[in-house]
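This report refers to the structure that appears directly beneath it.
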Amino acid sequence: MAHRLTEQEHDTVLTLAKILGKQLPSQFRSVAGGIASGLVRVRKSPLPAADVAAVLDKYDADESALRALVEAGVLEPAGDDYALRVPREQQDPAEKDERSIARTEPPRPPARRAGHGLAGLDTIRKQSPELNDVRRQIIDLDPRLWINGWLLSTPDAFLRFERELRALDAALAGGATLGDGTLSLRELSYQLFGDEKFLAVESDGRKLLHLMGITDVVSCRPQVKLELLHHIPKHHRHLRLVVSENLDPWVNMRNALFLDGRKKLLGERVHGVVFGNGYLVDDPHKLPDLLDTLGADDVRILYWGDIDRAGLSILAKLADMADGRFAVEPFAPAYRKMLRRAMRRFPDPLQNEETDQRDVRLIGLELLEGVLDKKELAYLRAVVEGARLIPQEILTARDL
């Protein structure tokens, strides 16, 4: 049974794979990762010529591949055997500067890819100038994205998801994981790809990671169970509660109040947070029944949801449902901060995520008119009239 690679051996394989992906003859570049792994796993010094030949034979690599390994300085003749070396890569300064610029450009969020995801992508083994050019671009990415050979053998996946793959490459640069474990999966997904659902279970993004063999690099905080409906730690006669449409922002606010002992969120004094689950208004008794158990003389609900037609609709319906039993208003500092961040990232409001909500009636905009300045309101209006989305996950725990 093969022994697991040590961390140092794993790093050596990644480095060699990237070198071999550029130095091997084009017909063998798709198996560069396998050859690199095989040579490292021999674990002999020097490497017997027979063992080197066995590794190459496993991947149907011929004498030209052996010559390329020697010319690249990966194998150094030592009598009848070979010494395994890890030569330092040389990179053209202009190319390095160009890639550095490319890494810093944030990805624009894609439209939802109905019918344009991973379905229908075929493995392509043939060689052509165009395909070889695509494979050269793939090899310039972090080796972890292509070392298992799938991406190199499926170049159409690179063309279809180039923006996301380059974002992955930039996020993995110099690190072992995607994320540091402090963000939720949706927050991490939006931060990297401009799409909070790209890494969701059964999404194209999660399938893409699986096919490349790197699902385990994602590091996010554990998902909280939905039973945690509300956190209101203390009785108050005059109660101010934030109701959140989505779970991750609710968890962030709950942690700020409970773990950090905060009394204010985004500068506003609040006494508790409620998870609305996006469907709070579908049951007219759910929120009133909860409020009835709290013993407050009056309750002010500060609603915070996505900036899209559905989110504004929930706000408007919640205000109608209150019917004088409690007050409802938008959680103004949260909406302002969401808009300002989106305006910096996407100066054109139509660059925000597309949705399928063009048939959703646009209501609730008037509830935000009094809490936003003219520039913010104009941007919000363009977002929702264009059926775009700014998700709550654009803000994280650090923003509260």
Side-chain angles (χ1 to χ4, degrees), residues 1-92 95-96 99-100 103 135-153 165-166 168-178 209-219:
M1 184 175 66
H3 296 290
R4 288 178 61 88
L5 292 172
T6 65
E7 185 173 346
Q8 183 177 0
E9 288 173 335
H10 180 71
D11 291 342
T12 300
V13 170
L14 291 178
T15 303
L16 287 178
K18 193 165 188 177
I19 295 170
L20 298 186
K22 296 179 180 179
Q23 300 298 329
L24 283 173
S26 59
Q27 66 267 33
F28 303 125
R29 290 178 182 175
S30 64
V31 294
I35 292 175
S37 177
L39 293 175
V40 171
R41 289 179 185 275
V42 173
R43 293 189 173 97
K44 296 177 183 177
S45 184
L47 299 179
D51 289 348
V52 173
V55 171
L56 296 178
D57 287 344
K58 180 179 178 181
Y59 296 97
D60 297 323
D62 57 24
E63 192 69 24
S64 65
L66 179 60
R67 286 197 301 272
L69 292 174
V70 173
E71 292 172 1
V74 173
L75 292 181
E76 182 179 300
D80 293 333
D81 301 320
Y82 299 94
L84 182 63
R85 304 293 186 214
V86 184
R88 298 185 65 180
E89 285 191 274
Q90 299 295 321
Q91 188 177 34
D92 181 71
E95 180 187 355
K96 183 177 180 181
R99 291 187 64 204
S100 298
R103 283 177 179 272
R135 291 187 175 108
R136 278 193 293 272
Q137 294 183 65
I138 291 172
I139 289 168
D140 281 337
L141 301 174
D142 188 295
R144 285 169 285 185
L145 302 183
W146 52 263
I147 195 169
N148 73 346
W150 179 82
L151 191 57
L152 287 167
S153 64
L165 288 167
R166 293 197 183 280
L168 273 172
D169 175 55
L172 287 170
T177 62
L178 194 65
L209 294 184
H210 174 73
L211 290 167
M212 295 187 296
I214 57 170
T215 307
D216 58 349
V217 304
V218 177
S219 178

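All residue numbers in this chain count up from 1 along the given sequence. Computed from heavy atoms alone, side chains included, the values below leave out hydrogens, waters and symmetry copies.
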Provide the closest heavy-atom pair for F28 versus A65 in the form atom of the first, atom of the second, distance. CD1-CB, 3.9 Å

Between D142 (side chain only) and A173 (backbone N and O only), is there a donor and an acceptor less than 3.5 Å apart? no

Going by salt bridge (charged side-chain N to carboxylate O under 4.0 Å, His left out), name the residues that satisfy it together with K58, two or more places apart in sequence or in a different chain. none

Euclidean distance, L151 CG relative to S153 OG, rounded to 0.5 Å: 8.0 Å

Residue list, salt bridge (charged side-chain N to carboxylate O under 4.0 Å, His left out) with D81, at least two apart or on another chain: none

Verify side-chain contact (heavy atoms from CB on, under 4.5 Å) between D169 and L165, making sure each step is shown before the conclusion. CA-CA 6 Å; D169 175 55; L165 288 167; over 6 Å; no

Checking side-chain contact (heavy atoms from CB on, under 4.5 Å) for the pair Y82/L66: CA distance, chi angles, key distance, verdict? CA-CA 11 Å; Y82 299 94; L66 179 60; 3.8 Å; yes

Are side-chain heavy atoms of I139 and L152 found at a separation under 4.5 Å? yes

Would you please name every residue forming a side-chain contact (heavy atoms from CB on, under 4.5 Å) with Q137, sequence neighbours left out? D133, F158, E162, R166

Under the side-chain contact (heavy atoms from CB on, under 4.5 Å) rule, collect the residues that match up with A53, sequence neighbours excluded. none

Nearest non-hydrogen partners of I19 and P87, listed with the distance: CD1-O, 3.2 Å

Could you tell me which residues satisfy side-chain contact (heavy atoms from CB on, under 4.5 Å) with A17, sequence neighbours excluded, listed by chain and number? A36, W146, I147

Could you check if a side-chain atom of L24 sits within less than 4.5 angstrom of a side-chain atom of L69, using non-hydrogen atoms only? yes

side-chain contact (heavy atoms from CB on, under 4.5 Å) between L75 and L84, worked out: CA-CA 5 Å; L75 292 181; L84 182 63; 4.1 Å; yes

Might you point out which heavy atoms bring N148 and G213 nearest each other, and give the distance in Å? ND2-N, 3.6 Å

Please determine whether side-chain contact (heavy atoms from CB on, under 4.5 Å) holds for the pair L16 and V74, giving the CA-CA distance in whole Å, both sets of side-chain angles, and the decisive distance to 0.1 Å. CA-CA 8 Å; L16 287 178; V74 173; 3.9 Å; yes

Sequence neighbours excluded, every pair satisfying side-chain hydrogen bond (donor to acceptor under 3.5 Å, both in side chains) that has a member inside residues 61-75: D62-S64

Looking only at heavy atoms, what is the nearest atom pair of K18 and D140, with distance? NZ-O, 3.8 Å

L145 versus M212, closest heavy-atom pair with distance: O-SD, 3.2 Å

Over 12 foreign heavy atoms within 6.0 Å of CG, D80: no

Is there a donor-acceptor contact under 3.5 Å from the side chain of R144 to the main chain of L172? yes

Looking at every heavy atom in both P25 and A68, which two are closest together, and how far apart are they? CD-CB, 3.8 Å

